[in-house]
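Everything below concerns the one structure shown next.
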Amino acid sequence: MRRAIYPGSFDPTTNGHLDVISRAVKMFDEVVVAVAPNSQKISLFTVEERMAMLRAHTTQYSTVRVSHLDGLLVDYAQSQGAVAIVRGLRAVSDFEFEFQMALMNRKLAADVETIFLMPKEDYTYLSSRIVKEIARLGGDVAAFVPGPVKEALVRKFASLKSEA
Ligand code: ADP
C-alpha cells in the first residue's frame, strides 16, 4: 500500500489543488489530503469548512481521504505509514521554500520522500491567497475554484462585511 500525504492550508480549495490531487491519485494507492494550520497565515475558513470543501470535490476518487493534522508533518506522515509527501510546484517562486522544507523534512524523517507535482499551466499563477483577494474585492473567481467554493467565498465575505 503506497500512501501519500498532500498537506496544505486549502483556504479555500482551488482548481490548482484539485489538479495536483488528480495527478497524485494516479501515482499512489491512497492520497491523504491533510488540512494543516499555517502559523504564517490567518485563515478565512475553519478547518472543518476546508475539509468539507475538499471532500465535496474529491468524491470521484475512492482513494482520496481528507483529514487534518496538527503537529509536525513528518510525524503525521509516519503515523499514517506514508511513503511520500506531495507538494505542488507552481513557479520558481515556490521553489526556495519548498526545497528548504523538503530537505528539512528529510533530516527529520529520512524514509519519507517529498514529491513535487506541477499543475496544468493554466493554474501556475493560482493561489488561495489571490483567489481570496479577488473575491474580497467583489471579482469573479469562477475560473479558479469550483462553483460551491465560489459561493462559499461570496457568503463568507458578505457575513464578514455585515459583522464589520
Ligand atoms: P496556497 O495558499 O498558496 O494555495 P496551500 O498551502 O493551500 O497554498 O497549498 C498546498 C499545496 O498545494 C502546496 O504544495 C502548494 O504549492 C500547492 N498549490 C497551491 N496552489 C497550487 C496551484 N495552483 N498549482 C499547483 N500547486 C498548488
Side-chain angles (χ1 to χ4, degrees), residues 3-28 30-58 61 63-74 76-77 80 82-106 108-109 112-137 139-150 152-153 156-157:
R3 181 177 289 130
I5 310 289
Y6 177 33
S9 315
F10 306 106
D11 185 40
T13 302
T14 69
N15 292 341
H17 296 133
L18 298 177
D19 182 282
V20 170
I21 293 170
S22 74
R23 291 169 201 282
V25 293
K26 293 187 217 151
M27 302 173 63
F28 296 97
E30 186 178 65
V31 177
V32 180
V33 184
V35 175
N38 185 332
S39 56
Q40 313 294 314
K41 300 180 193 167
I42 297 169
S43 53
L44 181 64
F45 292 98
T46 65
V47 169
E48 287 71 25
E49 287 171 327
R50 286 180 266 160
M51 287 172 64
M53 281 178 200
L54 284 164
R55 280 204 184 103
H57 297 101
T58 54
Y61 306 119
T63 56
V64 168
R65 183 154 58 84
V66 176
S67 187
H68 66 97
L69 73 99
D70 293 314
L72 213 48
L73 173 58
V74 287
Y76 180 74
Q80 297 289 310
V83 294
I85 292 166
V86 168
R87 296 287 291 174
L89 211 49
R90 285 164 285 198
V92 181
S93 50
D94 277 341
F95 182 77
E96 197 160 333
F97 173 71
E98 293 293 342
F99 183 71
Q100 194 179 12
M101 274 246 302
L103 291 186
M104 182 53 80
N105 284 334
R106 179 180 287 167
L108 296 171
V112 183
E113 288 296 340
T114 302
I115 307 276
F116 294 104
L117 295 176
M118 274 172 286
K120 195 168 156 205
E121 306 90 274
D122 303 19
Y123 302 140
T124 52
Y125 57 89
L126 196 52
S127 73
S128 297
R129 187 183 59 79
I130 288 179
V131 164
K132 281 183 282 194
E133 193 58 13
I134 297 170
R136 188 177 67 82
L137 298 170
D140 186 3
V141 294
F144 314 127
V145 297
V149 173
K150 175 187 155 172
L153 279 161
K156 186 67 98 176
F157 283 116

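Whatever order the structure lists ligands and atoms in, that order sets their numbers, starting from 1. No hydrogens, no waters, no symmetry mates; every other heavy atom, side chains included, goes into these values.
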Just jot down the ligand 1 atoms closer than 4.0 angstrom to any heavy atom of V20, in number order. 25 (C), 26 (N)
Pick from Y6, F116, F10, Y123: the one approaching atom 23 (N) of ligand 1 most closely through a non-hydrogen atom: Y123
How long is the span from the OG atom in S9 to the CD1 atom in I42, to the nearest 0.5 Å? 12.5 Å
Value rounded to 0.5 Å, distance of CG in L44 from CZ in R129: 14.0 Å
Do V112 and N105 have side chains that approach each other closer than 4.5 Å (heavy atoms only, starting at C-beta)? no
For atom 9 (O) of ligand 1, closest protein heavy-atom neighbour: H17 NE2, 3.5 Å
In the structure I gave you, are the side-chain heavy atoms of R50 and T13 within less than 4.5 Å of one another anywhere? no
How long is the gap from CD1 on I21 to OG1 on T63, to the nearest 0.5 Å? 10.5 Å
What protein heavy atom sits nearest atom 24 (N) of ligand 1, and how far away is it? P119 CG, 3.1 Å
When you measure from atom 16 (O) of ligand 1 to every protein heavy atom, which one gives the shortest distance, and what is it? G88 O, 2.7 Å
With nothing but distance in play, are any N or O atoms of L117 less than 3.5 Å from an N or O of ligand 1? no
Which heavy atom of the protein is the closest neighbour of atom 6 (O) of ligand 1, given with residue, atom name and distance? S9 N, 3.0 Å
Among P7, S128, A34, the residue with a heavy atom nearest to atom 4 (O) of ligand 1 is S128
What residue and heavy atom of the protein are closest to atom 2 (O) of ligand 1, and at what distance? K41 NZ, 3.1 Å
Determine whether the side chain, the backbone, both or neither of L126 has a heavy atom under 4.0 Å from any heavy atom of ligand 1. both
Take every heavy atom of A36, measure it against each atom of ligand 1, and state whether any distance is under 4.0 Å. no
Judged by heavy atoms only, the candidate from M118, R90, E98 nearest atom 21 (C) of ligand 1 is R90
Hey, what do you get for OG (S127) to NZ (K132), rounding to the nearest 0.5 Å? 8.5 Å
Please check if any side-chain donor atom of Y123 sits under 3.5 Å from a side-chain acceptor atom of T14, or the reverse. no
Please report the C-alpha distance between R87 and D94 in whole Å, then the side-chain angles of each, then the deciding distance to 0.1 Å, and finally whether the salt bridge (charged side-chain N to carboxylate O under 4.0 Å, His left out) criterion is met. CA-CA 10 Å; R87 296 287 291 174; D94 277 341; over 6 Å; no
Side chains of R106 and E113: does their closest heavy-atom pair fall under 4.5 Å? yes
Classify the contact between R87 and ligand 1 as side chain, backbone, both or neither, using a heavy-atom distance cut-off of under 4.0 Å. both
Which of the atoms in ligand 1, numbered in the order shown and given with their element, are less than 4.0 Å from a heavy-atom of G8? 6 (O), 10 (C)
